[in-house]
**Q** 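I'd like to ask you about the structure that follows.
The figures that follow rest on heavy atoms only: side chains count, while hydrogens, waters and symmetry mates do not.
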Amino acid sequence: MRVTVCQLPDNVHQLDAEWSRLVEHCRRERSELVLLPEMPFSRWLAASQEVDQSAWMSGVVEHDSWRKALTDLVPAIVIATQPVLRDETNHNEGFVWSAAGGYRPGHLKYYLPNESGFWEAEWYERGPKDFSSIVTEGLSIGFLICTELWFTEHARAYAKQGLQILATPRATGLASADKWLAGGRAAAVMSGAFCLSSNRDGTGTDGFEWAGQGWIIEPEDGDVLGLTTDDEPFVTVDIDLDVAAVAKTTYPRYVRE
């Protein structure tokens with residue numbers, strides 16, 4: 001299976017041009033699955049501690065409007081998150097989209113940071129503590145959205161579900177890039193699944209430096225198969241999903257708790 005990860009600009013005014021480049025890349029590389037960053041189609045809402053519900057709703061509308069652009073990536077399955085309003089409550093919703101199945105909610109982000117630049121617990125509510133995989137077109141996909149990567153018990157639980165793809169859409173900074181990559185490698189090994197991550201890049205309106213650095217990591221030894229950079233913001237790798245099945249029979253996945 002040919003999978004694509006990316007880094008997309010935090011500056012939404014640059015997004016149209018980068019989207020066109022991503023679409024061109026995916027068509028050239030014959031991508032079958034594309035992972036986008038965390039809430040990629042609006043500015044980073046949780047940068048300010050002061051919650052602005054009108055800004056949140058604008059983010060919801062922007063993501064809903066961009067959804068029609070996902071058809072540009074057909075025949076690929078697309079994974080990302082978006083701001084949503086569910087039962088009059090703000091959430092960050094992981095979703096899977098395909099031409100055949102349309103938009104399928106997959107997971108509401110549960111673990112929420114609350115600190116400078118990342119006031120997520122102020123802006124939206126956690127979802128239920130449900131880390132169930134979602135099966136789309138025969139592919140088993142699980143979410144660990146950004147901060148959730150550090151709650152490693154869920155990576156272990158995903159291994160028991162027979163997961164093939166562990167999706168980690170991120171919004172993380174340049175200063176902590178090495179730490180996040182280490183976490184992605186550990187999660188791939190623990191879940192016995194291919195860990196994919198995409199991230200924001202560039203400089204935010206407040207001067208914050210986003211890391212970029214999307215990754216594709218294999219499940220047996222946590223080797224990095226692909227890593228995006230400023231010079232190569234889109235990376236596609238041909239992965240063998242049977243490797244994920246075999247990985248779950250080997251150390252340390254087989255060890256009983």
Side-chain angles (χ1 to χ4, degrees), residues 1-42 62-82 93-106 134-143 145-146 164-172 181 184 188 193-202 210-218 224-241 243-244:
M1 181 175 211
R2 298 185 63 79
V3 299
T4 298
V5 297
C6 63
Q7 54 187 64
L8 291 178
D10 181 70
N11 186 336
V12 293
H13 300 296
Q14 300 172 352
L15 191 55
D16 281 335
E18 284 302 294
W19 183 260
S20 295
R21 291 181 61 201
L22 173 61
V23 170
E24 181 183 355
H25 170 93
C26 291
R27 289 176 178 171
R28 182 176 65 251
E29 296 294 328
R30 295 174 289 107
S31 303
E32 297 172 278
L33 184 149
V34 180
L35 176 67
L36 304 178
E38 185 174 14
M39 296 197 287
F41 298 129
S42 67
E62 286 170 320
H63 280 78
D64 286 347
S65 177
W66 266 94
R67 197 180 302 169
K68 62 180 180 294
L70 300 184
T71 59
D72 296 340
L73 299 174
V74 172
I77 297 167
V78 183
I79 306 173
T81 86
Q82 76 163 67
E93 182 170 83
F95 68 87
V96 176
W97 180 93
S98 69
Y103 182 98
R104 292 186 61 193
I134 178 172
V135 177
T136 296
E137 299 178 29
L139 185 65
S140 177
I141 300 167
F143 284 91
I145 301 171
C146 205
Q164 296 168 302
I165 299 292
L166 179 60
T168 303
R170 293 169 22 245
T172 66
L181 183 58
F194 286 91
C195 183
L196 276 54
S197 188
S198 293
N199 192 20
R200 293 170 177 260
D201 77 340
W210 298 96
Q213 197 177 71
W215 66 61
I216 301 167
I217 302 172
E218 61 84 32
V224 179
L225 305 180
L227 196 66
T228 69
T229 65
D230 289 344
D231 292 331
E232 194 175 4
F234 322 121
V235 170
T236 297
V237 172
D238 198 348
I239 64 172
D240 181 355
L241 295 174
V243 172

**Q** Taking atom CD1 of Ile217 and atom CD1 of Ile239, what is their separation to the nearest 0.5 Å?
**A** 12.0 Å

**Q** State, with a plain yes or no, whether a side-chain heavy atom of Pro233 is found less than 4.5 Å away from one of His25.
**A** no

**Q** With distance as the sole criterion, is a donor-acceptor pair present between the side chains of Arg104 and Thr136 under 3.5 Å?
**A** yes

**Q** Can you name the nearest heavy-atom pair linking Ile134 to Pro105, along with the distance?
**A** CD1-O, 3.7 Å

**Q** Which distance, rounded to the nearest 0.5 Å, do you find between the OG of Ser197 and the CD1 of Ile216?
**A** 10.5 Å

**Q** Please round to the nearest 0.5 Å and tell me the distance separating atom CZ of Phe143 and atom CD of Glu93.
**A** 9.0 Å

**Q** Restricting to non-hydrogen atoms, name the atom on Pro37 and the atom on Ala80 that form the minimum distance, rounded to 0.1 Å.
**A** O-CB, 4.1 Å

**Q** If I compare all heavy atoms of Gly138 with all of Gln164, which pair ends up nearest, and what's the gap?
**A** O-OE1, 3.7 Å

**Q** Under the side-chain contact (heavy atoms from CB on, under 4.5 Å) rule, what do Val5 and Thr228 come out as? Steps first, then yes or no, please.
**A** CA-CA 8 Å; Val5 297; Thr228 69; 4.0 Å; yes

**Q** Measure the spacing between CG of Leu227 and CD of Glu232 and express it to the nearest 0.5 Å.
**A** 9.5 Å

**Q** Trp97 and Val74: which non-hydrogen atoms are nearest, and at how many Å?
**A** CH2-CG2, 3.7 Å

**Q** Between the main-chain N or O of Leu8 and the side-chain N or O of Glu18, is there a donor-acceptor pair closer than 3.5 Å?
**A** no

**Q** To the nearest 0.5 angstrom, please state how far the CD atom of Glu218 sits from the CG atom of Leu225.
**A** 6.0 Å

**Q** Could you check whether any side-chain N or O of Arg200 sits under 3.5 Å from a backbone N or O of Met39, counting only pairs where one atom can act as donor and the other as acceptor?
**A** yes

**Q** What closest approach, in Å, do Ala171 and Cys146 show between heavy atoms, and which atom pair accounts for it?
**A** N-SG, 3.5 Å

**Q** Could you check whether Lys68 and Ser65, counting side-chain N and O atoms only, form a donor-acceptor pair closer than 3.5 Å?
**A** yes

**Q** Regarding Asn199 and Glu38, is there a side-chain donor-to-acceptor distance under 3.5 Å anywhere?
**A** no

**Q** Do any N or O atoms from the side chain of Ser198 and from the backbone of Cys6 form a donor-acceptor pair under 3.5 angstrom?
**A** yes

**Q** How are the rings of Trp19 and Phe41 set to each other: parallel, tilted or perpendicular (split at 30° and 60°)?
**A** perpendicular

**Q** Side-chain polar contacts of residues 27-36 - donor-acceptor pairs under 3.5 angstrom, sequence neighbours left out - could you list them?
**A**
residue: Glu29; atom: OE1; partner: Arg2; partner atom: NH2; Å: 2.9
residue: Ser31; atom: OG; partner: Thr4; partner atom: OG1; Å: 2.6
residue: Glu32; atom: OE1; partner: Arg2; partner atom: N; Å: 2.7

**Q** Centre-to-centre under 6.0 Å for Trp215 and Phe194, is that the case here?
**A** no

**Q** Taking atom types as modelled, is there a side-chain donor on Gln213 or Thr229 under 3.5 Å from an acceptor on the other?
**A** no

**Q** Could you walk me through whether Leu139 and Leu241 pass the side-chain contact (heavy atoms from CB on, under 4.5 Å) test, one step at a time?
**A** CA-CA 9 Å; Leu139 185 65; Leu241 295 174; 3.7 Å; yes

**Q** For Thr168 and Ile145, run side-chain contact (heavy atoms from CB on, under 4.5 Å): C-alpha distance rounded to whole Å, both residues' side-chain angles, the deciding distance at 0.1 Å, then the answer.
**A** CA-CA 5 Å; Thr168 303; Ile145 301 171; over 6 Å; no

**Q** About how many Å separate CG of Leu196 and CD1 of Ile141, when rounded to the nearest 0.5 Å?
**A** 9.5 Å

**Q** Side-chain contact test, heavy atoms from C-beta onward, threshold under 4.5 Å: evaluate it for Gln82 versus Tyr103 and give yes or no.
**A** yes

**Q** What is the minimum heavy-atom distance between Leu15 and Trp66, and which atoms define it?
**A** CD2-CZ2, 3.7 Å

